[in-house]
Amino acid sequence: MKRYAIDQLSAWKDSPRRKPLIIRGARQVGKTWLMREFGSCHFSNMAYINFDNNKRMKNLFDGDYNIPRLIDGLQVETDEKIYPQSTLLVFDEVQEVPKALSSLKYFYENSPEYAIVAGGSLLGVALHAGTSFPVGKVDFLNLYPLSYCEFLEAIGEENMAELLHKKDWSLISAFKTKFIDLLRKYYYVGGMPEAVDDYARNKDYKAVRKIHEQILFTYDQDFSKHAPTYSVPRIRNLWRSVPAQLARENKKFSPGIVQKGSRLKDYELAMQWLLDCGLLYQVKQISKPCVPLASYATDFFKIYMHDVGLLSTKSELDVKTLLEGNRVFEEFKGALTEQYVLQELAAGGVSLFYWSSNGRAEVDFVFKYESSGYESRVYPLEVKAEENLQSKSLKIYSEKYVPSIALRTSMRDYRRESWLMNIPLYAIGTDFLGQEL
């Protein structure tokens with residue numbers, strides 16, 4: 001399985017300003033596999049340490065932060081000789097030993113020649129909770145489920161992925177039917193590595209659904225095992241409400257859907273916990289599209305899951321929907337399509353917001369992007385799951401704010417006009433943004 005994040009890791013390895021790297025991401029998005037694959041392919045040897053329930057490592061890091069002493073202990077633990085520059089140190093589930101996280105500061109300041117990557121399934125929760133680690137002494141990389149192009153490569157459609165990367169729009173249009181059929185499958189399978197790998201080998205949708213259900217069960221177990229006891233019921237209620245939130249015409253988060261009569265402040269801690277786990281995305285409304293966008297965020301927001309396949313399972317989407325034309329793209333009032341577009345953009349580090357004007361108009365996503373050679377610009381993006389391409393909201397936004405170009409993604413072919421660019425749904429993503437904006 002190919003993950004594009006390997007290229008980011010390779011650039012990190014060769015950077016003269018390299019710091020210890022922390023990989024963040026939801027459980028089971030492939031952090032452990034990625035770290036080990038990177039170590040195997042890009043270093044002479046690798047010293048892998050799993051800190052989960054590891055008393056030896058807790059004792060080792062409870063001592064001082066003398067680097068030679070730590071290296072000696074890690075060599076004994078892994079039975080690997082650790083060489084500066086040529087050995088990759090992998091700290092997995094590092095949040096289980098907070099002092100190991102703190103040690104990254106001393107590795108960076110005193111022995112930067114050692115290459116270290118660290119990750120963990122609930123690392124985001126640990127960091128937000130105040131686990132001590134030195135700001136400015138580490139690099140970060142966010143890992144997401146497989147993108148649509150990664151999915152294509154994983155299931156043996158490398159040529160289709162390559163075609164999208166080349167942006168030959170006339171040739172892409174010639175294979176439009178196949179791209180749409182594969183995108184329909186991606187909506188169901190999603191990008192969780194285990195599900196993609198099983199589908200690539202067996203093409204069994206029932207098996208994919210069982211894998212999704214097991215992943216969702218694991219998440220539910222995490223709530224009771226790791227979250228504060230008093231927050232667990234609210235975390236579960238909030239998590240279970242996501243499909244209902246997205247099934248509404250107005251997808252603005254409503255605490256009343258989580259539990260009748262509840263208020264937003266009742267779920268603030270539960271929301272933060274799920275955000276820190278990487279299980280939810282929060283897309284905030286902005287009052288106007290000015291940089292920095294976060295400064296113009298209001299108290300309203302929408303929530304999405306981190307994977308379209310898991311959302312399909314959580315929504316109990318029938319596999320027969322895959323065979324009924326383009327119905328899957330319109331399910332839950334286009335929620336699956338919005339989820340997919342969000343994933344494609346978020347995977348490239350794009351921070352998303354949305355814009356609404358007193359119920360008159362709403363633009364699904366608004367984001368800042370710095371194209372090559374230009375200053376940062378704000379772009380509106382309208383998501384269309386169906387063939388009806390009336391863009392009333394986008395026109396209202398464009399007349400009011402006059403963006404350099406307005407964006408729409410739909411099933412239609414690529415087209416660029418004076419004020420509007422239409423991007424096929426199957427071609428949306430940061431690779432596209434880097435070449436076209």
Side-chain angles (χ1 to χ4, degrees), residues 24-29 124 142-148 151 183 186-192 195 212 215-216 219 235-255 257-258 264 267-268 270-286 293-294 297-317 328-356 362-367 380-385 409 425 428-430:
R24 297 179 292 193
R27 181 186 285 276
Q28 297 191 47
V29 295
N142 293 320
L143 186 64
Y144 302 89
L146 276 75
S147 67
Y148 177 54
F151 169 77
L183 183 58
Y186 179 69
Y187 274 33
Y188 192 90
V189 177
M192 299 302 285
H212 286 165
I215 292 172
L216 291 170
Y219 291 160
I235 290 172
R236 284 197 170 119
N237 288 340
L238 175 57
W239 176 240
R240 290 166 184 166
S241 80
V242 177
Q245 299 282 350
L246 292 174
R248 303 167 67 224
E249 189 71 44
N250 177 0
K251 296 179 176 60
K252 181 176 70 177
F253 178 77
S254 171
I257 289 180
V258 183
L264 180 58
Y267 288 92
E268 288 178 345
M271 181 78 69
Q272 190 60 59
W273 202 88
L274 290 168
L275 291 170
D276 290 339
C277 283
L279 299 183
L280 287 185
Y281 288 105
Q282 187 180 66
V283 178
K284 295 183 178 181
Q285 182 197 57
I286 53 170
L293 290 172
T298 73
D299 293 332
F300 301 117
F301 58 88
K302 299 184 286 188
I303 59 172
Y304 297 88
M305 288 178 61
H306 64 296
D307 179 65
V308 67
L310 291 180
L311 178 59
S312 296
T313 293
K314 202 169 177 62
S315 304
E316 299 181 354
L317 181 71
V328 67
F329 302 114
E330 302 168 24
E331 278 293 305
F332 309 109
K333 302 188 184 300
L336 289 174
T337 297
E338 285 189 34
Q339 171 72 52
Y340 158 72
V341 172
L342 176 142
Q343 280 180 238
E344 291 292 294
L345 296 177
V350 176
S351 296
L352 296 168
F353 299 82
Y354 80 98
W355 175 82
S356 181
E362 181 175 308
V363 174
D364 300 300
F365 298 118
V366 177
F367 60 92
L381 174 63
E382 185 174 58
V383 177
K384 288 288 188 180
T409 184
L425 269 173
I428 195 68
T430 51

Original post:
Is the side chain of Ser315 donor-acceptor paired with the backbone N or O of Leu317 at a distance under 3.5 Å, no angle test?
Top reply: no
**OP:** Taking the side chain as every heavy atom from C-beta outward, state whether Met271 and Leu280 have any atom pair closer than 4.5 Å.
**Re:** yes
Original post:
Taking the six-membered ring of Phe365, is the NZ or CZ of Lys302 close enough (under 6.0 Å from the centre) and on axis enough (within 45°)?
Top reply: yes
Subject >> Partner residues of Ser254 under the side chain to side chain contact (heavy atoms under 4.5 Å, CB included) criterion, sequence neighbours left out >> reply: Gln245, Arg248, Ile257
Subject >> Side chain proximity check, Phe367 to Phe353, heavy atoms < 4.5 angstrom >> reply: no
Original post:
CG of Asp299: more than 12 outside heavy atoms within 6.0 angstrom?
Top reply: no
Original post:
Should we count NZ of Lys284 as having more than 12 external heavy atoms under 6.0 Å?
Top reply: no
Subject >> Audit row: Glu362, Tyr354, side-chain contact (heavy atoms from CB on, under 4.5 Å) steps and yes/no >> reply: CA-CA 8 Å; Glu362 181 175 308; Tyr354 80 98; 3.9 Å; yes
Subject >> Spacing of CD1 belonging to Ile235 relative to CD belonging to Gln272, to within rounding of 0.5 Å >> reply: 11.0 Å
Subject >> Pair Tyr281 + Tyr304: ring centers closer than 6.0 Å >> reply: no
Subject >> Distance flag, aromatic centroids of Tyr187 and Phe329, threshold under 6.0 Å >> reply: yes
Original post:
Is the backbone N or O of Val189 less than 3.5 Å from a side-chain atom of His212, with the two atoms forming a donor-acceptor pair by type?
Top reply: yes
Original post:
Between the main-chain N or O of Gly191 and the side-chain N or O of Asp307, is there a donor-acceptor pair closer than 3.5 Å?
Top reply: yes
Subject >> Those residues that, when tested against Arg24, pass salt bridge (charged side-chain N to carboxylate O under 4.0 Å, His left out) (two or more places apart) >> reply: none
**OP:** Any chance you could measure Leu381, atom CG, to Leu345, atom CG, to the nearest 0.5 Å?
**Re:** 6.5 Å
**OP:** Would you mind reporting whether Tyr186 and Gln343 have side-chain heavy atoms less than 4.5 Å apart?
**Re:** yes
Original post:
Short question: side chain of Tyr340, backbone of Gly190 - any donor-acceptor pair under 3.5 Å?
Top reply: no
**OP:** Look only at the side chain of Asp364 and the backbone of Glu382, and say whether a donor-acceptor pair between them is shorter than 3.5 Å.
**Re:** no
**OP:** Report yes if the side chains of Phe301 and Ile303 come closer than 4.5 Å at any heavy-atom pair, otherwise no.
**Re:** yes
Subject >> Close side-chain approach of Asp276 and Trp273, heavy atoms under 4.5 Å >> reply: no
Subject >> Gln339 side-chain N/O to Met305 backbone N/O, donor-acceptor pair under 3.5 Å >> reply: yes
Subject >> Donor-acceptor pair, side chain of Glu344 and main chain of Tyr148, under 3.5 angstrom >> reply: yes
Original post:
Are the side chains of Tyr188 and Val328 in touch, meaning some heavy atoms are under 4.5 Å apart?
Top reply: no
Subject >> Neighbour count above 12 (heavy atom, 6.0 Å) for Phe300 CZ >> reply: no
**OP:** Without swapping roles, check the side chain of Gln28 against the backbone of Met192 for a donor-acceptor pair under 3.5 Å.
**Re:** no
**OP:** Hey, could you give me the CG/OG1 distance between Leu425 and Thr409, rounded to the nearest 0.5 Å?
**Re:** 4.0 Å
